[in-house]
2 protein chains.
Amino acid sequence: MIGEKFKTLLSKNNLRLTSERMRLFNELKDSPAPLTINNLVKRTSDTLDQSTVYRNLDLFEELGVTHRVYTGWKYKVELSDSFKSHHHHMLCSNCGVVIEFHESKELIKDLDRISKKYSFNISNHSLEITGTCSNCS
Amino acid sequence: MIGEKFKTLLSKNNLRLTSERMRLFNELKDSPAPLTINNLVKRTSDTLDQSTVYRNLDLFEELGVTHRVYTGWKYKVELSDSFKSHHHHMLCSNCGVVIEFHESKELIKDLDRISKKYSFNISNHSLEITGTCSNCS
DNA sequence: TAGCTTATTGCGAAAAATTTGCAATAAGGA
DNA sequence: TCCTTATTGCAAATTTTTCGCAATAAGCTA
Ligand SMILES: [Mn+2]
Ligand SMILES: [Mn+2]
Ligand SMILES: [Zn+2]
Ligand SMILES: [Zn+2]
């Protein structure tokens with residue numbers, strides 16, 4: 001279970017599983033699209049203090065629980081590849097819908113080629129697309 | 001000339017070519033790597049007020065003179081494809097060096113395939129890579 | 001289960017980043 | 001050179017993010 005992995009990760013690092021952390025994690029897990037920090041602050045403001053949100057989002061990032069997605073104007077946060085399968089986004093600049101897609105083998109090959117060409121050791125990559133979705137076109 | 005294009009764009013939009021705008025534009029043009037807003041505020045603080053920097057960076061983005069690059073932690077600004085040829089970045093997470101590279105035909109084909117598959121009209125895309133450069137590996 | 005240690009929280013306030021109103025300035029057309 | 005008005009600098013307001021510290025509670029131990 002995905003939640004179990006989260007719990008294990010925390011205890012391995014001497015970190016406590018608090019209801020606040022669980023809440024934040026679930027908020028991310030249940031969201032169909034990446035969220036801004038502000039989204040998260042507002043969504044949890046009934047029980048979490050903003051400082052708690054900030055502190056834990058920092059922590060999540062350090063632990064590799066989340067990563068930042070730069071779709072649109074500001075960056076957003078979503079569960080990282082360890083908790084959600086690796087994927088990319090298409091953002092409709094008209095209606096704001098976010099479509100997730102998985103990369104092709106061609107892309108992977110291409111990254112590999114680039115890696116070799118520049119002797120660059122790739123640990124991470126992001127591919128974000130903007131445009132208009134089928135509805136809006 | 002690249003500067004000419006900038007000037008023309010301004011006048012076409014009833015915007016004035018001020019020394020402040022020119023300064024900002026040049027700062028971007030001369031930078032080998034994308035800059036944060038803060039970089040720009042500091043670099044120009046001898047003659048430009050911070051509000052002038054903010055206001056003009058907003059403007060540049062609206063006009064399509066610049067775009068945001070999400071490399072590393074915070075976003076950075078660089079001249080857009082109209083003023084600098086389309087490219088992508090590799091960021092070394094160790095030494096911070098930014099390597100620009102041009103995309104392959106394979107990537108273009110791949111984007112085309114994705115576009116068709118989802119009936120999504122792609123207007124823009126970004127591909128950012130992180131890892132370690134040849135020096136740091 | 002009760003007790004203990006200490007990581008974590010909420011709160012209030014500070015610091016940093018971004019935006020705004022307005023009078024003074026200067027770009028650029030007449 | 002004069003005039004119109006876009007643009008700037010300045011000071012202050014807002015918004016976002018960070019921080020210190022006392023109160024709380026997670027998780028281990030007996
Ligand atoms: Mn990928
Ligand atoms: Mn490209
Ligand atoms: Zn749409
Ligand atoms: Zn390096």
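Reminder, nothing fancy here: chain letters follow the sequence lines and each chain counts from 1.
- Using a 4.0 Å heavy-atom criterion, one finds that B/Ser51 contacts the bases of the nucleic acid, with or without backbone contacts as well.
- In this structure, OH of A/Tyr54 is placed 16 Å from P of C/dT9, rounded to the nearest angstrom.
- When the side-chain nitrogen and oxygen atoms of B/Asn56 are compared with OP1 and OP2 of D/dT8, one or more of them lie within a distance under 4.0 Å.
- Comparing D/dT8, C/dT8, D/dG20 by their nearest atom to the side chain of B/Arg55 picks out D/dT8.
- One can place NZ of A/Lys12 at 15 Å from P of D/dC28, the figure rounded to the nearest angstrom.
- A/Phe6 and A/Phe25 have parallel rings, their planes meeting at less than 30° on a 0 to 90° scale where 60° marks the start of perpendicular.
- What separates CG of A/Asn13 from P of D/dG27 is a distance of 14 Å, to the nearest Å.
- Between A/Thr52 and the phosphate of C/dT9, there is no side-chain N or O to OP1/OP2 separation shorter than 4.0 Å.
- Nucleic acid contact class of A/Arg21 (heavy atoms, under 4.0 Å, all strands): sugar-phosphate only.
- Between A/His125 and A/His86, a ring centre-to-centre spacing shorter than 6.0 Å is recorded.
- For the pair A/Leu24/A/Thr52, no side-chain contact is recorded, criterion being any heavy-atom separation below 4.5 Å from C-beta on.
- For A/Leu17 and C/dT9, the CG to P distance is 10 Å, given to the nearest whole Å.
- Atom CG in A/Leu48 sits roughly 8 Å away from atom P in C/dT9 (whole-Å rounding).
- Between the C1' atom of C/dT9 and the CD atom of A/Gln50 lies a distance of 13 Å, rounded to the nearest Å.
- B/Thr47 and B/Arg23 form a side-chain donor-acceptor contact under 3.5 Å, judged by distance and modelled atom types alone.
- Here B/Thr47 lies in heavy-atom contact (under 4.0 Å) with sugar-phosphate atoms only.
- The base of C/dT6 is paired with the side chain of A/Arg16 by a donor and an acceptor separated by under 3.5 Å.
- Contact between the side-chain N/O atoms of B/Thr18 and the OP1/OP2 oxygens of D/dT8 is found at a separation under 4.0 Å.
- Here the C1' atom of nucleotide D/dT17 and the CD1 atom of B/Ile37 are 15 Å apart, to the nearest Å.
- Taking the charged nitrogens against the carboxylate oxygens, A/Arg113 and A/Asp110 do have a contact shorter than 4.0 Å, which makes a salt bridge.
- For the pair B/Leu59 CG and D/dT8 C1', the computed distance is 13 Å after rounding to whole Å.
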